There are 2 protein chains.
Amino acid sequence: MVTRIPAPALRAELIAVLVAVTDGEPQVLTIRDGSLLPSGPFASADRSLQASLRAWVEQQTGHPLGYVEQLYTFADRDRSADDTQRRVISISYLGLTRQALAAGGHAASWRSWYRYFPWEDWRDGAPAMIGKLIAPRLRAWAAAAGTPALKRERLQRVRVTFGCTDVPWNEDMVLQRYELLFEAGLVPEAAGAPGTGLPGAHMLYDHRRILATGIARLRAKIKYRPVVFELMPESFTLLQLQRAVEALAGQLLHKQNFRRLIDSQDLVEETGELATETGGRPAKLFRFRQQVLIERAIAGSKLPLARSA
Amino acid sequence: MVTRIPAPALRAELIAVLVAVTDGEPQVLTIRDGSLLPSGPFASADRSLQASLRAWVEQQTGHPLGYVEQLYTFADRDRSADDTQRRVISISYLGLTRQALAAGGHAASWRSWYRYFPWEDWRDGAPAMIGKLIAPRLRAWAAAAGTPALKRERLQRVRVTFGCTDVPWNEDMVLQRYELLFEAGLVPEAAGAPGTGLPGAHMLYDHRRILATGIARLRAKIKYRPVVFELMPESFTLLQLQRAVEALAGQLLHKQNFRRLIDSQDLVEETGELATETGGRPAKLFRFRQQVLIERAIAGSKLPLARSA
DNA sequence: TCATTAATGCTCAGAACGAGCATATCGAGG
DNA sequence: CCTCGATATGCTCGTTCTGAGCATTAATGA
């Protein structure tokens, strides 16, 4: 069972989905004009994977990473083909950071993640493109299935992932939706499908899939772990906090319920100061109670979803 | 940013946490007299990681893997030290299988996972060892802290992870508990801590930690995904299903509420037959409605926890 | 027949949640 | 000064979810 045959040589690379929220937009760090996620070799020196990622990101972007979480590991044939098809193990991470700075070094830049997944942004209601473009094409793809059984299954999947009819929209299924589009040949990344004019920028290799994985993970996580605060400045108003959550979830929340939930969980405390920026009545400023991270490793910053504002 | 420096050679290994439930006991596949999880090299051939794992497990154990999910990837110095400290990337997986068979090949054997984590089994109430052995030692460790602040933080962590006093027991924190014991030097795996007589079998390297990760993941998962069924035979009674969930969660459930939940979710359908084995009134047999996996990728087989039977 | 073991049906109270109404406070513009 | 626009904040209501317990039914075996 423990076969200690020396396996063929591999190399490992780290791929990062770095997220920030600025001005109510969820941003992701990209390179090469937005066509790639930042990635680097695993510096075998003596660091762990995570430390290696941290060091490398901080060196590149110039500011510290808050929360870091492993996303997924996969192994493909080496894409750079520098060798004779050496295997590369890609280990992807999700990282949250407080501010989208100028992004130090080279050609790195922050982009709204809805640039890559415009259909995921429901903050202004259901995006028209779903009903007008995506759904028809997906149905056409389903209709083109070989057998009736396969056709039914495809339709089912379209219904479940893209909702719209009887099934409600589920903001967590980012990856499933992307994979469905991929399978249906509706994204340029799919082999033999030269970009069928669907809105949304694509990426090279499978980087858009990795981004989808990161978004999905983050959207799921904010519901039961207080990770949003990793993306907030030191002090903030409850509305800013709500806007950040909404940006990530791609959905608007019911303001009063959001507040009820936040303070029923003792997640924040008043700083005593007020913010007097935006038109209306000044809002109290809050800060995250770091304590809760120790008090309960569970926490749970669930977010109350609503249909409209 | 995309530095294409050929990284030093590595090797990759797959480590599996294979779980089955037999006779109401959660079992995990081990080798070497229970001291290791099964692991194998990543066959670089042309398979993906997951396919590689599947093939290798099925070849070794002789029966198919149901559900497979990646756990975690980490990189340590090569433990086997076959080379000059070549790095090894360990990719761990959680796999669910239907029956704990004789476990084909070599010295593989199934063991109850509570053999390694006896304090995690609360089906007969709070294990006495927690109050009598674990808690006192952890408190002693906390008391030995350098500064008062550190001491308070340690006590806090003990309270949160092991519950008992005001904080209720949380069955998901398997990993946190193990790591706490590790940090406190109460498990033989910790360097310089030659087994301080705590109950629970240990494993070599970090395999017990990996097992803890797998258990934690599975305990969390059964609450929102219908994965229990991967562990059940074709048809089963509701009580058998409940016992399986209880075995995994390490907690007893309220029978009526469990049933209410199960059928409110349309997870199962009657086969029409009855089971007439155990003493009492014969129970209806059910089977899992495979349909739900397509109907809603969400599903959610939450489990209602209760204090007692 | 009766004790035992389960399966099953039903109720109830409290918590959680979605949704909406109403009021309070600010700045800016007439 | 007063009103409007914009936001903060307080409170209520009905529904659903959930934990917990009571009661009844249906089989087996001594």
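Lettering of chains follows the sequences in order, A, B, ..., and the numbering in each one begins at 1. All values reported here derive from a predicted model rather than from experimental measurement. The analysis underlying the following values was restricted to heavy atoms, covering all of them including side chains, and did not include hydrogens, waters or symmetry mates.
- The CZ atom of B/Phe258 sits 16 Å away from the P atom of C/dG9 (whole-angstrom rounding).
- Interface remark: the B/Arg281 side chain does form a donor-acceptor pair with the D/dT25 base, using a distance-only criterion of under 3.5 Å.
- Protein atom CZ of A/Arg259 is 14 Å distant from nucleotide atom P of D/dC11, rounded to whole Å.
- When rounded to the nearest whole Å, the span between CG of B/Leu241 and C1' of C/dA6 equals 16 Å.
- In this structure, B/Leu274 atom CG and D/dT28 atom P are separated by 11 Å, rounded to whole Å.
- Atom CD1 in A/Ile262 sits about 15 Å away from atom C1' in D/dT9, given to the nearest Å.
- Applying the salt bridge (Lys or Arg N to Asp or Glu O under 4.0 Å) test to every pair with at least one member in residues 233-244 of chain B, sequence neighbours left out, gives these pairs: B/Arg243-B/Glu246.
- Listed candidates were C/dT8, D/dT9, C/dA19. Nearest to the side chain of B/Lys284 is C/dT8.
- Residue B/Lys255 places its side chain closer to C/dT8 than to any other of C/dA19, C/dT8, D/dA20.
- Distances were taken from every side-chain heavy atom of A/Gln256 (C-beta onward) to each of C/dT8, D/dG21, C/dC21; the shortest belongs to C/dC21.
- A tilted orientation is assigned to the rings of B/Phe236 and B/Phe229, their planes being inclined by 30° to 60°.
- Between A/His254 atom NE2 and D/dT12 atom P there is a gap of 15 Å when expressed in whole angstrom units.
- Summarising the geometry, the separation between CG on A/Leu253 and P on C/dG20 is reported as 15 Å, rounded to the nearest angstrom.
- Evaluation of atom-type donor-acceptor distances gives a pair under 3.5 Å for the side chain of A/Arg260 against the base of C/dG18.
- At a threshold of 4.0 Å, the pair A/Glu25-A/Arg123 counts as salt-bridged, since one of the basic side-chain nitrogens sits closer than that to a carboxylate oxygen.
- Applying the side-chain contact (heavy atoms from CB on, under 4.5 Å) test to B/Asp172 and every residue at least two apart in sequence or in another chain returns B/Asn170, B/Arg219, B/Ala220, B/Lys223.
- Considering only the side chain of A/Asn257, C/dA19 comes nearest among C/dA7, C/dA19, C/dC26.
- With rounding to whole Å, A/Leu261 atom CG is found 9 Å from C/dG18 atom P.
- With C/dA6, D/dG19, D/dG10 as the candidates, the nucleotide lying closest to the side chain of B/Leu239 is C/dA6.
- Side-chain contact, B/Arg259 with B/Gln256: no donor N or O sits under 3.5 Å from an acceptor N or O.
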